[in-house]
Amino acid sequence: MRAAWLEREASGLLPIEYHHVVFTLPAEVAELALGNPRLAYGLLFEAASATLREVAADPKHLGAEVGVVAVLHTWGQNLHHHPHLHCLVTGGGLSCDRAGRVDQRPRWLSCRPGFFLPVRVLGQVFRGKYLTLLRQAHAQGELSLPGRLAALAEAEAFASWLRPLYASDWVVYSQPPAAGPALVLKYLARYVHRVALSNGRLVSVTDEGVSFRWKDYAHGGKERVLTLSGEEFLRRWLRQVLPKGFVKVRHYGLLSSRRREEKLAACRWQLLLLGLRVQAAAGSVAADEGVAVAAVACCPECGSGPWAVVARVPRPGATADTS
């Protein structure tokens with residue numbers, strides 16, 4: 001299963017930088033998500049993906065449609081409920097307008113080396129989008145509010161609960177880019193197939209409780225051992241079970257199923273042209289030659305390939321070489 005998934009994902013990889021961006025729900029919203037997991041996690045996917053696409057489409061930042069693979073995790077190292085979204089994002093994309101519509105004759109636009117998009121802007125846009133969606137869900141009566149959350153059923157009470165969330169900073173974390181397609185696949189597979197607690201972290205299971213290793217990131221990632229009673233361990237573990245049929249890995253932008261192959265072929269073609277221009281500027285392409293058919297991975301129209309150089313078309317006055 002894992003091998004088949006990796007093979008499928010490999011077909012969509014591009015020879016570019018990929019950035020790891022993490023969107024995290026605040027503790028107050030995470031508590032609400034416990035009683036509304038399908039809705040709350042679905043809104044997390046919707047708000048985070050829309051944030052990435054909107055900020056990337058803004059010409060002040062990039063002006064391109066990017067590709068996104070998003071993976072949901074709901075746990076922290078100590079098995080507390082900690083919903084967050086890991087996103088692997090292309091370090092560039094096809095030129096588009098502000099609404100994200102790809103240009104009729106798109107160009108490849110790259111992010112600055114080692115830099116994706118400003119995380120402060122991502123955090124502000126993400127906060128606004130998620131809370132707007134949450135407010136709409138409340139107005140439509142879609143939220144379950146059990147126990148102490150029952151007081152939020154009234155519109156005025158819910159608005160008061162939202163107010164400090166609008167004023168707080170929402171954490172968006174961006175890691176340095178992964179180098180090379182092979183490392184990208186390895187990196188992505190690690191997050192897609194990770195579970196809340198692997199066997200390697202278990203220390204002991206006895207009548208007294210369950211002990212496991214965890215990293216305390218609040219203190220420099222120091223490794224500690226935590227022992228929980230059987231009841232508490234099961235309570236934390238069961239909080240990580242997703243609703244039946246919920247899809248925890250989703251693709252957006254250039255990597256979404258809609259026109260995926262067409263867009264990826266356009267990306268490869270534009271990257272090829274960009275590479276040829278760089279080579280020409282560096283003097284590695286002869287100044288008196290124009291490349292008629294270049295060595296590319298696939299046809300930009302139908303995706304078939306590979307292509308190969310069959311001829312070089314000389315400038316006027318020179319002799320053609322068809323060898």
Side-chain angles (χ1 to χ4, degrees), residues 1-25 41-57 61-62 64-75 82-94 96 100 102 108-111 114-117 119 122 125-126 129-130 171-196 242 245-268 271 297 303:
M1 179 179 175
R2 176 169 175 164
W5 183 87
L6 285 171
E7 183 179 354
R8 185 169 62 251
E9 291 298 318
S11 67
L13 284 179
L14 298 170
I16 57 172
E17 287 187 341
Y18 282 78
H19 297 261
H20 179 199
V21 184
V22 183
F23 294 85
T24 303
L25 289 181
Y41 300 154
L43 296 186
L44 176 54
F45 273 106
E46 185 175 349
S49 62
T51 295
L52 289 168
R53 287 178 290 158
E54 179 178 307
V55 177
H61 302 300
L62 182 61
E65 181 183 34
V66 294
V68 182
V69 183
V71 185
L72 174 67
H73 284 182
T74 60
W75 60 85
H82 179 64
H84 56 285
L85 205 63
H86 292 274
C87 299
L88 201 63
V89 193
T90 57
L94 296 177
C96 67
V102 174
W108 177 265
L109 299 177
S110 296
C111 298
F115 179 81
F116 179 51
L117 297 169
V119 291
L122 291 173
V125 176
F126 173 55
K129 288 187 178 298
Y130 193 95
V171 178
V172 175
Y173 176 69
S174 180
Q175 285 188 344
L183 284 180
V184 170
L185 265 185
K186 182 178 179 181
Y187 195 76
L188 184 58
R190 184 175 69 187
Y191 281 94
V192 169
H193 298 282
R194 180 176 290 177
V195 295
L242 295 177
F246 190 86
V247 180
K248 73 170 188 175
V249 183
R250 305 186 186 186
H251 300 73
Y252 300 94
L254 298 175
L255 301 178
S256 67
S257 57
R258 185 171 180 267
R259 298 177 59 197
R260 171 188 168 103
E261 297 307 319
E262 177 186 346
K263 288 182 178 180
L264 287 177
C267 289
R268 293 186 178 102
L271 285 167

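Positions are given from 1, in the same order as the sequence printed here. Computed over heavy atoms, backbone and side chain alike; hydrogens, waters and symmetry mates excluded.
The structure places CZ of F115 at 8.5 Å from NE2 of H61, a figure rounded to the nearest 0.5 Å. The CD atom of E17 sits 11.0 Å away from atom OG1 of T90, with the distance rounded to the nearest 0.5 Å. Atom OH of Y173 and atom OG1 of T24 lie 11.0 Å apart (nearest 0.5 Å). The structure places CG of L271 at 8.5 Å from CG of L94, a figure rounded to the nearest 0.5 Å. Distance OH/Y41 to OG1/T74: 5.0 Å, rounded to 0.5 Å.
Between G93 and L254 the shortest heavy-atom distance is CA-CD1, 4.1 Å. Minimum interatomic distance between L14 and C267 (heavy atoms only, all atoms of both residues): CD1-CB, 3.9 Å. Heavy atoms only, all atoms of each residue included: E65 and C96 are closest at N-SG, 3.5 Å. Heavy atoms only, all atoms of each residue included: L44 and Y130 are closest at N-CE1, 3.4 Å. Summarising the geometry of C87 relative to V68, their closest heavy-atom pair is CB-CG1, 4.1 Å, with the distance given to 0.1 Å. The two atoms that bring I16 and G91 nearest to each other are CD1-N, 4.0 Å, heavy atoms only.
Taking the side-chain hydrogen bond (donor to acceptor under 3.5 Å, both in side chains) definition, one finds that Y252 meets it with nothing, sequence neighbours left out. Taking E261 as the reference, nothing meets the side-chain contact (heavy atoms from CB on, under 4.5 Å) condition, with sequence neighbours excluded. Taking the side-chain hydrogen bond (donor to acceptor under 3.5 Å, both in side chains) definition, one finds that S256 meets it with nothing, sequence neighbours left out. Take R259 and apply the side-chain contact (heavy atoms from CB on, under 4.5 Å) test, not counting sequence neighbours, and it matches E262, K263. For H84, the ring-ring contact (aromatic ring centres under 6.0 Å, His included) test picks out H73, H82, H86, with sequence neighbours left out.
For the pair S174 (side chain) and V119 (backbone), a donor-acceptor distance under 3.5 Å is absent.
Looking at L85, V89, L117 one by one, the single match for side-chain contact (heavy atoms from CB on, under 4.5 Å) with V21 turns out to be V89.
Side-chain contact between V247 and L72 is absent, with no heavy atoms from C-beta onward closer than 4.5 Å. Using a 4.5 Å heavy-atom threshold, the side chains of Y18 and V69 count as separate.
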Return all side-chain donor-acceptor pairs below 3.5 angstrom for residues 49-56, not counting sequence neighbours, or 'none' if the list is empty.
{"residue": "S49", "atom": "OG", "partner": "F45", "partner atom": "O", "Å": "2.8"}
{"residue": "S49", "atom": "OG", "partner": "E46", "partner atom": "O", "Å": "3.2"}
{"residue": "T51", "atom": "OG1", "partner": "A47", "partner atom": "O", "Å": "2.7"}
{"residue": "T51", "atom": "OG1", "partner": "F126", "partner atom": "N", "Å": "3.4"}
{"residue": "R53", "atom": "NE", "partner": "S49", "partner atom": "O", "Å": "3.2"}
{"residue": "E54", "atom": "OE1", "partner": "K129", "partner atom": "NZ", "Å": "2.7"}

